[in-house]
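Below: the structure, in structure tokens.
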Amino acid sequence: MHAFLSVAWVLVAITVVHAAQCGRIQWGPCEAALTSLTNGTIECATLPVPLDYTQPNSSSVLNLELLRVPAATESQGSIILNFGGPGVVNRRTFAGAATDLPPLISLTHDLVTFDSRGTGNTLPFRCFESPEEQAQITAQEPDIWETLTLPTVWSNASNVEIGRRWAAGTAIAERCFEVSEDIGDLLGTAFVARDIMQVVEALDEDGMLRYWGQSYGTALGATVAAMFPDKIDRMVIDGVLNPREYFNTFEFERLASADSAFTAFFEGCVSRPDNCALVVSNVTNTTAEDLEHRVWDLIYHIRFNPIAFDGRLIDYQFLKFGILSSLYNQASFPALAAGFAALLAGDLAGFVRVWDPIIADFPGTANEQLAAIACSDRSARASSLEELMPVVERKYALSQVFGDLLPALDTVCAQWKFQAKERYEGTFEKETNFPILVIGNFADAQTPLVSAQNVSQGFSNSVLLQLNGVGHTSFAHISGCVINATLTYFENGTLPEPDTVCEPEAPLFAVPFTEASAVGATLKMH
Ligand SMILES: *[C@@H]1O[C@H](CO)[C@@H](O)[C@H](O)[C@H]1NC(C)=O
Ligand SMILES: *[C@@H]1O[C@H](CO)[C@@H](O)[C@H](O)[C@H]1NC(C)=O
Ligand SMILES: *[C@@H]1O[C@H](CO)[C@@H](O)[C@H](O)[C@H]1NC(C)=O
Ligand SMILES: *[C@@H]1O[C@H](CO)[C@@H](O)[C@H](O)[C@H]1NC(C)=O
Ligand SMILES: *[C@@H]1O[C@H](CO)[C@@H](O)[C@H](O)[C@H]1NC(C)=O
Ligand SMILES: *[C@@H]1O[C@H](CO)[C@@H](O)[C@H](O)[C@H]1NC(C)=O
Ligand SMILES: *[C@@H]1O[C@H](CO)[C@@H](O)[C@H](O)[C@H]1NC(C)=O
Ligand SMILES: *[C@@H]1O[C@H](CO)[C@@H](O)[C@H](O)[C@H]1NC(C)=O
């Protein structure tokens, strides 16, 4: 952590209060690594904030790295954005979308984001001293490290997997603690909420927060709203996590819509059979239910009979990873159907041509940073595999499709040695200065509508906007109705009528899958 020590532990003689008052932000050009991601206008700045909010007299600061896209017209103020994870590197994500996002959120506000503690160059959380050490150790013990190094690990891939993950979790928790002991408890959502308020004060506008967050960014949003209800001018949270579950449990509610999202895929398929390869390939000619049965039979057949093809393994994990990636956004449903159809027909070359790009599209984040933030935020622990097993079994029972996704990370979190120095333990039943706009999809496999309803009920003056769609967050569809609601909320403070349901512009399977697009995407991978 020496690089970190020299860069971030800059000692300056200011207190918390002074840091805020003096910290006017000087916007300037961004580094090349960011400007190369966009043709839009982006500006960058750094802002010193207290390193440890539990030490009000300490002069240690953390330099937050900020990025903004200025308003297209005269600015009505800044909106702070968070893209979730936890662990997403916000500046990189936003720079890459700097021309796409403003018209969806607001053209009349400056849009601002910063890399949260633990991510990017901001207190980067590591379980290895160097990339070389990481390469060496993960090559020596790939089985241990796959919980962090693979994008997804499926704990029910075999009946011995969960025990192996538990043992690996012991080793991972120990090593991450040793390597990042000096920073591990300075990460976490409550501190990031305070960082947000530091940015708000340093922006020197009206001292009020305007915020937009998706996915984990909703847990952060709910936390900052609960901690600073009087400072909320506008807040949109979209694809909502139940924050009480996030902080206090192994998170069960998250699975509430996973299976219904997968079922919606089959229903969409039979409703527009001309655009669904699972139907037109004559694999079957029946109901969504029949199609789903066939696909599950295929998945469980492959689980015991993986196929070697072209130097790779087509196995249970590979199939489930493709399903996970596709359920983020219904635009990939025709490809998902084409993949299943090819595999059912024994066309292995056709299958991997479709599946590789599906997987390459996976929007997941680095597990090291995800664990660092989510495990440190979470209070739930287990002292043995035996103690964790009821959690695992409950997840398996809650969802066939994703019930065995999160337990691998749970084995790490259950044994995690850090606890965030500050955890928000108060209520999420609050009335904010201005009502929050809460957005939820009917079938979101990552963040179910019940969680959006829960958070909206807690923030008593908030309004819940439902999108009659499938996928993770309202970005899973194009919906003029949601975009209009967001723009008028930020620009004019107009809230949609309670119980408004927006429809997507196009139904599921509106366009057919074409192999040309898949081949193009495959090439991008290499
Ligand atoms: C930027 O513009 C150039 C020229 O129009 C184009 O080739 C390139 O793909 C654009 N890059 C991004 C990130 O939009
Ligand atoms: C911080 O400093 C003030 C003023 O010197 C002192 O009164 C207070 O006890 C200190 N607080 C802590 C937590 O050390
Ligand atoms: C589907 O069935 C029709 C009628 O039997 C046949 O003409 C067509 O070739 C079949 N398509 C495939 C992909 O098997
Ligand atoms: C497929 O289903 C349609 C509608 O139920 C039916 O008319 C047709 O005969 C079926 N075809 C086959 C091959 O079973
Ligand atoms: C886990 O594996 C068991 C045994 O094969 C199977 O019965 C069960 O359906 C699986 N559950 C999940 C969620 O994968
Ligand atoms: C919201 O969720 C929490 C924790 O899961 C639960 O205790 C609470 O009763 C729920 N609130 C509502 C209004 O459903
Ligand atoms: C906000 O209100 C103004 C004045 O009524 C109107 O011209 C503008 O279109 C509204 N903005 C949006 C995004 O609806
Ligand atoms: C946009 O949203 C506002 C506020 O909810 C509503 O009054 C208006 O009718 C909507 N406009 C369109 C075109 O949907």
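All of these numbers come straight from a predicted model, not from anything done at the bench. The first residue in the sequence is number 1, and the count goes up from there. Values reported hereafter were calculated over all heavy atoms of this structure, with side chains retained and with hydrogens, waters and symmetry mates removed.
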Working for ring pair (Phe, Tyr, Trp, His ring centres under 6.0 Å), residues Phe475 and Phe83
CA-CA 12 Å; Phe475 283 9; Phe83 298 96; 8.6 Å; no
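- Between the side chain of Asp115 and the backbone N or O of Leu66 there is no donor-acceptor pair closer than 3.5 Å.
- Counting heavy atoms from C-beta outward, Pro334 and Asn275 have side chains that stay 4.5 Å or more apart.
- Counted by atom type alone, Ser215 and His472 present one or more donor-acceptor pairs between their side chains at under 3.5 Å.
- Looking at Thr218, its side chain does come within 3.5 Å of a backbone N or O of Leu241 through a donor-acceptor pair.
- At a cut-off of 3.5 Å, with distance as the only test, a side-chain donor of Ser474 or Asp238 sits close to an acceptor on the other residue.
- Side-chain atoms of Phe402 and Leu255, non-hydrogen and from C-beta on, do get closer than 4.5 Å to each other.
- A distance of 9.0 Å separates CD of Gln76 from CZ of Arg210, quoted to the nearest 0.5 Å.
- A donor-acceptor contact closer than 3.5 angstrom is absent between the side chains of Thr108 and Thr73.
- Residues Val224 and Met197 are in side-chain contact: their nearest non-hydrogen atoms beyond the backbone lie under 4.5 Å apart.
- A donor-acceptor contact closer than 3.5 angstrom is absent between the side chains of Ser325 and Asp361.
- Proximity of a side-chain donor or acceptor of Gln369 to a complementary backbone N or O of Phe125 within less than 3.5 Å is detected.
- The ring-ring contact (aromatic ring centres under 6.0 Å, His included) pairs that include a residue from residues 27-48 number zero, where partners must be two or more places apart or lie in different chains.
- Remark: Arg234 is positioned above the aromatic ring of Phe434, its terminal NZ or CZ atom under 6.0 angstrom from the ring centre and at most 45 degrees off the axis.
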Using the rule given for side-chain hydrogen bond (donor to acceptor under 3.5 Å, both in side chains), can you reason through Arg244 versus Asn454, listing the C-alpha separation, both sets of side-chain angles and the distance that settles it, and then say yes or no?
CA-CA 10 Å; Arg244 300 170 192 79; Asn454 181 290; 2.7 Å; yes
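- Side-chain atoms of Lys320 come within 3.5 Å of backbone N or O of Val401 as a donor-acceptor pair.
- A distance of 11.5 Å separates CD1 of Ile358 from CG of Leu324, quoted to the nearest 0.5 Å.
- Between Tyr246 and the choices Phe428, Tyr424, Tyr216, the ring-ring contact (aromatic ring centres under 6.0 Å, His included) rule is met once, by Tyr216.
- Within the model, atoms CG of Asn468 and OG of Ser479 stand 10.0 Å from one another, a figure rounded to the nearest 0.5 Å.
- A donor-acceptor pair is defined here as one N or O able to donate and one able to accept, closer than 3.5 Å; such a pair exists between the side chain of Ser271 and the backbone of Gly268.
- No side-chain N or O of Asp444 forms a donor-acceptor pair with one of Ser257 less than 3.5 Å apart.
- Looking at Thr263 and Glu292, their side chains do bring a donor and an acceptor atom within 3.5 Å of each other.
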Before giving the answer on salt bridge (charged side-chain N to carboxylate O under 4.0 Å, His left out), spell out for Arg194 and Asp52 the whole-Å C-alpha distance, their side-chain angles and the decisive distance to 0.1 Å.
CA-CA 10 Å; Arg194 295 190 187 281; Asp52 181 349; over 6 Å; no
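- At a cut-off of 3.5 Å, with distance as the only test, no side-chain donor of Glu289 or Thr287 sits close to an acceptor on the other residue.
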Run the side-chain hydrogen bond (donor to acceptor under 3.5 Å, both in side chains) test on Glu422 and Thr54 for me, step by step, so that the C-alpha distance in whole Å, both residues' side-chain angles and the decisive distance to 0.1 Å come before the verdict.
CA-CA 7 Å; Glu422 182 180 8; Thr54 66; over 6 Å; no
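- Here the rule is side chain to side chain donor-acceptor pair (under 3.5 Å) with Arg423, and of Thr223, Asn248, Thr189 only Asn248 fits it.
- The cationic group of Lys395 lies under 6.0 Å from the six-membered ring centre of Phe252 and within 45° of the ring axis, placing it in a cation-pi geometry.
- Using a distance-only test at 3.5 Å, with no hydrogens or angles considered, a donor-acceptor pair links the side chain of Asn461 to the main chain of Thr432.
- Between Leu370 atom CG and Leu148 atom CG the span is 9.5 Å, to the nearest 0.5 Å.
- The backbone N or O of Gly480 sits less than 3.5 Å from a side-chain atom of Glu505, completing a donor-acceptor pair.
- Taking OG from Ser78 and CG from Asp233, the interatomic distance works out to 11.5 Å, rounded to the nearest 0.5 Å.
- Counting heavy-atom neighbours within 6.0 Å of Asp499 CG, excluding the residue itself, gives a total of 12 or less.
- Looking at Asn90 and Ser116, their side chains come closer than 4.5 Å, going by heavy atoms from C-beta outward.
- The backbone N or O of Thr35 lies less than 3.5 Å from no partner atom in the side chain of Thr38, so there is not a single donor-acceptor pair.
- Under the 4.5 Å side-chain criterion, counting only non-hydrogen atoms from C-beta, Ile232 is not in contact with Tyr211.
- Remark: Arg254 does not engage Glu245 in a salt bridge, criterion side-chain N to carboxylate O under 4.0 Å.
- Listed for the Lys231 side chain is no donor-acceptor partner under 3.5 Å among the backbone atoms of Met208.
- Counting heavy atoms from C-beta on, the side chains of Glu503 and Cys481 never come closer than 4.5 Å.
- A side-chain donor-acceptor contact under 3.5 Å links Gln419 to the backbone of Arg378.
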